[in-house]
Enquirer: 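Got a structure for you, written out below as structure tokens; questions coming shortly.
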Amino acid sequence: MKPNDHVLIFDTTLRDGEQCPGASMNLRQKLEVARQLEKLGVDIIEAGFPCISDGDFEAVSTIARTLKNTRIAGLARCVENDVRQAAAAVAPAGDRGRIHTFLATSPLHREYKLKKTKEEVLDMAVRYVKMAASLVKDVEFSPEDASRTELDYLAQVIEAVIDAGATTVNIPDTVGFTTPVEYSNMIRYLIDHVSNIGKAVISVHCHNDIGLAVANSLAAVTAGARQVEGAINGIGERAGNAALEEVIMALTLRPEAFGFAPGSKVVGVNTREIVKTSRVVSRMSGMAVQRSKAIVGENAFAHSSGIHQHGILAKRETYEVINPADVGWGETELPLTKHSGRAAVKARLEKLGHELSDEELTQVFEHFKRVGDSKKFVYDDDLAALVNDSLDTHEGKWKMVLLQFTAGSSAKPTATVTLEKDGKSYTDCAIGNGPVNACFKAIDRITRTRGDLVDYVVRSTTAGQDALGEVSVKVQFGDDCKPVSGKGAASDVVEASARAYLNAVNRSIVLSERNACQ
Ligand code: KIV
Ligand code: ZN
């Protein structure tokens, strides 16, 4: 167990964060996020919910095998198959593997969801914590909806699961209902009423339904919690989880405000990796970061009023409580150009955290050269978008070879597309109500799919007229399936749109081969 002056950072971006509608990531994207989280130095990564799908199982076990320092947790309901699958998925991490098992304890959940009595819930919790403890050394238990559970019953459950082998007890505010004073009182109550509480780490897990997730987490730390769960950029179910970058910076900047010695280092995180981590998560999950978001938003350190600018120039601290460099702002390097060689691109990609195989590098480099021809500078963000686009496009079945389109105020928008599959190329053309629509229709004709566009977002990766356009789409293929997301990047937004659509087509093929309409 960590000393009492240390707060463990438990990152659930890849589990609770990924539950955010539209944020689902594939294996490569999850692995990239996990690698970056390890660089950031979080203590525990909850890599997924292994029993929920083969994909989740594979993601958790691949991350457990790949990372070398961080503890890896897999989520499990209090169900035998869940617990066993979680144990198998985290096994490659050896002693760094954790099973995080949960069961709802609140009256609402007991009566309407579980249809179980207090005694039955208590028995189940103990049974499955014991089972988890027989499979791994590190077991976390969460009484779901803890913040709406009767305090005396909550204390009884916590005491019993610690006796059964739980080494961390998490107190989730599942529906983002509690408030800082109420929540800190709850933590104090448990410290005072659970006789064996000293044998486990108290963890907190707050949702942001009324915007209090970070405040609640910090109030709980003041009361004695020593693990905080959350997600980078605050992504997650509904209004999201506690934004970890905010929790980390609050504890780093103001340890004395949360009961620690002034100037002490409370979290073991390399804060200079925060902005990069935020970008990686945003890019991999497709969830844009709000401009005014604390710490990581574009405007977090932008001063527009003359008075503020004058103050900052005279002394930075007049209007800035954090030095932007301390969280990783401003660490951009010279952009690459079309003259940059494969080695330079490889080196920059490694610096950005992308470890690619030779074959993957060839794909990205080809795309880089094409973009370099139409764009003076290729910035780090452009490069990250290219990786996402090049690798995702090739992950499925179809590869874009050629795209031509015409459009104008008096011309019928027409697109001609050539795609390649298994070494054979196919060309078709279509007319649409705009060039993007024409491209989608031509792709439909070749791939024999029929997608309905349900969401379309375009953003530029950097500033400037020659910035890359990055398009995210959600496409519905068939009435019974959930929409599939796709992303594409190119210096032309029509091409980026076509790439994003093809990415969604490829992902839907992979999904239907797995016989899963998600
Ligand atoms: O919000 C919640 O209660 C959860 C649990 C599984 C910890 O995510
Ligand atoms: Zn949650």
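Order of appearance sets the numbers: ligands from 1, and atoms from 1 within every ligand.
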Enquirer: When you check the side-chain N and O atoms of Glu229 and Thr12, is any donor under 3.5 Å from an acceptor?
Expert: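 There is no such pair (donor and acceptor under 3.5 Å, judged by atom type) between the side chains of Glu229 and Thr12.
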Enquirer: Is a side-chain donor or acceptor of Lys137 paired with a backbone partner of Ser134 at a separation under 3.5 angstrom?
Expert: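 It does not hold such a pair.
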Enquirer: Report yes or no: do Glu182 and Thr178 form a side-chain donor-acceptor pair below 3.5 Å?
Expert: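 Present: a donor and an acceptor within the cut-off.
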Enquirer: What residue and heavy atom of the protein are closest to atom 3 (O) of ligand 1, and at what distance?
Expert: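 The closest heavy atom on the protein side is Thr174 OG1, 2.6 Å.
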Enquirer: Report yes or no: is the cationic atom of Arg71 (NZ for Lys, CZ for Arg) under 6.0 Å from the centre of the six-membered ring of Phe10, at an angle within 45° of the ring normal?
Expert: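 Cation-pi check for Arg71 and Phe10: fails.
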Enquirer: Can you tell me which portion of His100 lies within the under-4.0 Å heavy-atom range of ligand 1? Options are side chain, backbone, both, or neither.
Expert: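 Under 4.0 Å from ligand 1, His100 contributes side-chain atoms alone.
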Enquirer: Look only at interatomic distance and state if Asp145 has a nitrogen or oxygen under 3.5 Å from any nitrogen or oxygen of ligand 1.
Expert: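 Looking only at distances, the answer is no, because the N/O contact criterion of under 3.5 Å is not met.
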Enquirer: Between Asp138 and Thr167, is any side-chain donor less than 3.5 angstrom from a side-chain acceptor?
Expert: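 Side chains of Asp138 and Thr167: pair found under 3.5 Å.
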Enquirer: Verify the distance criterion only: is there a donor paired with an acceptor across the side chains of Asn208 and Asn241 at less than 3.5 Å?
Expert: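 No - no donor-acceptor pair under 3.5 Å links their side chains.
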Enquirer: Enumerate the atoms of ligand 1 whose separation from the nearest heavy atom of Asp16 is less than 4.0 angstrom.
Expert: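 Per the distance check, 8 (O).
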Enquirer: Of all the non-hydrogen atoms in the protein, which one sits nearest to atom 1 (O) of ligand 1, and at what distance?
Expert: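 Nearest neighbour among protein heavy atoms for atom 1 (O) of ligand 1, to 0.1 Å: His207 NE2, 3.0 Å.
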Enquirer: Number the atoms of ligand 1 from 1 as they appear, then name those within less than 4.0 Å of a heavy atom of Ser142, with their elements.
Expert: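 The list of qualifying atoms is 7 (C).
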Enquirer: For ligand 1, note which part of Arg15 has a heavy atom under 4.0 Å away: side chain, backbone, both or neither.
Expert: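 Arg15 to ligand 1: side-chain contact only, backbone stays beyond 4.0 Å.
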Enquirer: Classify the side-chain pair Glu18/Thr13 by whether it contains a donor and acceptor separated by less than 3.5 Å.
Expert: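 No pair is found: no donor N or O on one side chain lies under 3.5 Å from an acceptor on the other.
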Enquirer: Under 3.5 Å, is there a donor on one side chain and an acceptor on the other for Thr70 and Glu38?
Expert: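 Short answer, yes.
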Enquirer: Which protein non-hydrogen atom lies closest to atom 4 (C) of ligand 1, naming both residue and atom, and how far is it?
Expert: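 Result for atom 4 (C) of ligand 1: His205 NE2, 3.5 Å.
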Enquirer: When you check the side-chain N and O atoms of Glu140 and Gln227, is any donor under 3.5 Å from an acceptor?
Expert: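 There is such a pair between these side chains.
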Enquirer: With the Zn ion (ligand 2) as the centre, enumerate protein N/O/S atoms below 2.8 Å in chain and residue order.
Expert: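 Sorted hits: Asp16 OD2, His205 NE2, His207 NE2.
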Enquirer: Looking at ligand 1, does any of its N/O atoms fall within less than 3.5 Å of an N/O of Glu144?
Expert: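 No; every N/O pair is 3.5 Å or more apart.
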Enquirer: Determine, stepwise, if the pair Glu246 / Lys293 fulfils salt bridge (Lys or Arg N to Asp or Glu O under 4.0 Å).
Expert: CA-CA 10 Å; Glu246 295 176 20; Lys293 167 83 187 58; 2.4 Å; yes
